[in-house]
Amino acid sequence: MSRPVPQQDAMPTTRGLNFYREDANLQWLCRALMPREVFERAEPHLVAMGEAAGDVLDALAAEADRNPPTLRPYDERGRRIDEVVRHPSYRELERLAFSRFGLAAMSHRDGVLGWPGQAPHLLKYALVYLFSQAEFGLLCPVNVTDSTTRMLRRYGSADLQARYLPRLTTTDFDALWQGTQWMTEKTGGSDVGASTTVARRDADGAWRLWGDKWFCSNANADVALTLARPEGAPPGTKGLAMFLVPKVLPDGTKNAWTLNRLKDKLGSRSMATGEVTYAGAVAWLVGEPDQGFKQMMEMVNVSRLANAIRAAGIMRRSLLESLVHARGRAAFGRALAELPLLRQNLFEMLLDSEAATTVVLGAAAVFDGWDAGSAEDRKLFRLLTPLAKYWTTMRARWVASEAMNVRAGNGYIEEWPNARLVRDSYLGAIWEGTSNVVALDVQRALMREGCLDPFLGLVSRRLATVSDRGAKPWVDVALRTLETVEQQVRRWPDLSKPERELEARPVADTAYHLYASSLLFSDGQTLREDVDDWRKLLVAVLYARRWLRAHAPNAAVFPARDLAWLDAVVDWEPVPASALPPPDDPTMHAFASTVWRPATSTPTSSTSPPRPS
Ligand SMILES: Cc1cc2nc3c(=O)[nH]c(=O)nc-3n(C[C@H](O)[C@H](O)[C@H](O)COP(=O)(O)OP(=O)(O)OC[C@H]3O[C@@H](n4cnc5c(N)ncnc54)[C@H](O)[C@@H]3O)c2cc1C
């Protein structure tokens, strides 16, 4: 990154920067995770997306945010049309995402972006990561179109596939149909089993849906995957089937559902979210009738990765805004970035951002492994996506807010990007499962779905690659913490349900930080071996120290000796071994981790083993 001469009256902006070229960490990760020929083919597209994100996409996104979609329920003759009127800036964003970059098509269709065959998930998500630094709202439609296609390919009948896949995966903008996923009802998004939408079968065998969906994003979609209970099916999630509901029927008539109104939202304002009533809407069953919820959860799990990528994108954009501002603007005779407390803000944001990027791209690589047939990657993906979604979406709120603080007064003003970043950052931790619900899903994956052993294996294998003497004591902290997680999870079946649920969030917190630390450490070891640079090991140590050990109440988060390395870390200048902090840092508490110690918390658990409820 450039270091301008700071000026007292400067108000620096990121407009015009290439967000890929500015991001040495992203470049390093793509190079490390992609085989060489894949990286060489991918990089020109990443450069092009980086240029767009720092310029045209950002300008369009700001415009679309100021001009949210509106609903035109009737046409001039009073016929019900339920048209979502999208602003030209949003239409142009759609054209860039779906056509120019083919983001929703590239996992399903050969040759998108000139790729031989279908492009890897890793490339798609690296592009989405860059796109999300400019525009958040549209990435929901991109993702739900992509995942609708995935579900149809996995579970749809040959007829449905023939009718819908060509239009869902086209990069011809005029021919494109978009997909979506609607399940939340007034009865609640978490308790999906309480859904009241009913599916009835006509005498001719056609399914018709009756009921209301309360949150319907990408409300202008052409095809929705939705959940409904066939008449006579059992209550709860077991009785829910997945249906495809088109907006227009094959004979050209409008299907019997209405878009009642659009929501007035805090963030993601460019994209339409509405309320829908199915009034006998014609629908087609997707997959087996008793597998609807399971299939929908598979779709949601993929969407959660997209969600985590966007959160990582928000963190990175927030960090970039802060670095550019703090280096270009002066106060008290120095660049803001030289003031100790502000350096501390920047360093903490940098660690969060770098960890999140590493985690989400790592999960994208695991997704490719699953699709290539690895059973272990299938299990890991099951766990890593809720885990990544859980932490990154919560932390994105904090990082975006910190960035607003760094730009301060201007940060609060809507002409600058910070306010939009803050508003958008709040959604990730609500949709596709709130943080509580996702932490419980992590618990289920660890305890019941066989994900613990692959997770322990992955983290310990990554940590075992680290031989650096300065990093080793911190790796040992991580290994000890991993042991406590294992003990705790293995003990869960013996706890009562309430006791167990109360541990879901602390364990998800720690599991995320362990996974992130293990990737940062092993990447750090690789960088050190390749070019004798301790930069990534320093990031790994500071991250592990920040999140795997408790802090003394009055200690600085980063002592001055760490902060001295901020610029070298930002600019990827060589960092020596001596930069790594000593393990017995006096500013820190001595105990090994902040996580679980054997339970003495309740009388029940200390006297007799509680029965699982
Ligand atoms: C802008 C926007 C767009 C959306 N788009 C869509 C869409 O396209 N399709 C769709 O299907 N949905 C969509 N949603 C809905 C979203 O997925 C739900 O809002 C979310 O799942 C939470 O459901 P709820 O709002 O009904 O909250 P509730 O389920 O009522 O939850 C309320 C509170 O209870 C907590 N809670 C619930 N269960 C538990 C538990 N077991 N243990 C502990 N705490 C718990 C939650 O964490 C939360 O804090 C959208 C939401 C928004 C805001």
Side-chain angles (χ1 to χ4, degrees), residues 65 68-69 84 136-148 151 178-197 209 211-228 236-237 240 242-243 245 247 257 259-276 278 292-293 295-304 306-307 310 386 389-390 393-394 397 423-444 497-508 613:
D65 184 68
V84 176
F136 177 87
L138 173 61
L139 287 174
C140 162
V142 168
N143 166 62
V144 284
T145 302
D146 180 16
S147 50
T148 297
M151 295 313 285
Q178 295 184 28
T180 191
Q181 59 194 51
W182 296 338
M183 53 183 167
T184 304
E185 301 189 1
K186 285 184 184 167
T187 47
S190 309
D191 187 3
V192 178
S195 297
T196 58
T197 298
L209 305 189
D212 296 311
K213 297 290 172 187
W214 184 235
F215 277 98
C216 301
S217 286
N218 203 18
N220 46 272
D222 306 278
V223 176
L225 291 182
T226 200
L227 291 178
T237 53
L240 292 173
M242 178 184 270
F243 290 92
V245 196
K247 181 164 183 178
W257 60 262
L259 188 47
N260 305 325
R261 60 174 175 158
L262 299 185
K263 307 269 194 195
D264 184 5
K265 295 180 287 181
L266 173 70
S268 75
R269 292 181 65 81
S270 60
M271 182 270 299
T273 302
E275 297 162 15
V276 164
Y278 300 129
F293 180 72
Q295 289 168 198
M296 188 58 96
M297 283 303 105
E298 186 184 317
M299 183 166 176
V300 165
N301 208 35
V302 172
S303 294
R304 283 176 179 167
N307 209 324
R310 276 173 252 152
K389 193 274 192 193
Y390 167 72
T393 55
M394 279 192 305
R397 293 174 170 184
R423 288 189 282 103
D424 287 344
S425 73
Y426 269 76
L427 185 50
I430 292 176
W431 65 4
E432 283 146 16
T434 61
S435 301
N436 281 355
V437 167
V438 175
L440 290 171
D441 192 45
V442 168
Q443 185 169 67
R444 205 163 25 249
K497 194 162 180 267
E499 276 182 311
R500 189 167 65 227
E501 288 193 355
L502 287 173
E503 293 185 358
R505 286 188 72 148
V507 169
S613 61

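For ligands, and for the atoms within them, numbers begin at 1 and follow the listed sequence.
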Number the atoms of ligand 1 from 1 as they appear, then name those within less than 4.0 Å of a heavy atom of [X], with their elements.
| X | result |
| --- | --- |
| G188 | 26 (O) |
| I430 | 19 (O), 20 (C), 21 (O) |
| L427 | 1 (C), 2 (C), 52 (C), 53 (C) |
| K265 | 1 (C) |

Say whether, by atom type as modelled, one donor and one acceptor occur between the side chain of [X] and the main chain of [Y] under 3.5 angstrom.
| X | Y | answer |
| --- | --- | --- |
| K265 | M271 | yes |
| D65 | S270 | no |
| Q443 | R500 | yes |
| T226 | W182 | yes |
| K389 | S303 | no |
| D212 | E275 | no |
| T180 | S217 | yes |

Students should be able to answer this: which protein heavy-atom is nearest to [atom], and at what distance?
| atom | value |
| --- | --- |
| atom 26 (O) of ligand 1 | G189 N, 2.7 Å |
| atom 10 (C) of ligand 1 | T184 OG1, 3.3 Å |
| atom 39 (C) of ligand 1 | V437 CG2, 4.1 Å |

Please report whether ligand 1 has a polar contact with [X], defined as an N or O pair separated by less than 3.5 Å (distance criterion only).
| X | answer |
| --- | --- |
| N436 | yes |
| L440 | no |
| E501 | no |
| C216 | no |
| S217 | yes |
| F215 | yes |

| request: Return the orientation label for the F136 and W431 ring planes: parallel under 30°, perpendicular over 60°, tilted otherwise. | output: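 Parallel.
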So, for [atom], does the protein have a heavy atom nearer than 4.0 Å?
| atom | value |
| --- | --- |
| atom 5 (N) of ligand 1 | yes |
| atom 53 (C) of ligand 1 | yes |
| atom 30 (O) of ligand 1 | no |
| atom 49 (O) of ligand 1 | no |

To the nearest 0.5 Å, how far apart are [atom1] in [X] and [atom2] in [Y]?
| X | Y | atom1 | atom2 | result |
| --- | --- | --- | --- | --- |
| L139 | D146 | CG | CG | 11.0 Å |
| C216 | E185 | SG | CD | 9.5 Å |
| Q178 | K247 | CD | NZ | 11.0 Å |
| S195 | F293 | OG | CZ | 9.0 Å |

[X], portion touching ligand 1 at heavy-atom distance under 4.0 Å:
| X | answer |
| --- | --- |
| E432 | backbone |
| T434 | side chain |
| T180 | neither |
| V144 | neither |
| Q181 | backbone |

| R269 vs D264, salt bridge (Lys or Arg N to Asp or Glu O under 4.0 Å): CA-CA, chis, key distance, verdict | CA-CA 8 Å; R269 292 181 65 81; D264 184 5; 3.2 Å; yes
| message | Using heavy-atom distances only, which candidate in C140, A272, S190, P141 approaches atom 27 (O) of ligand 1 most closely? | response |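 Among C140, A272, S190, P141, the closest heavy atom to atom 27 (O) of ligand 1 belongs to S190.
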| query | Can you list the steps and then say if Y390 with R304 is a side chain to side chain donor-acceptor pair (under 3.5 Å)? | reply | CA-CA 9 Å; Y390 167 72; R304 283 176 179 167; over 6 Å; no
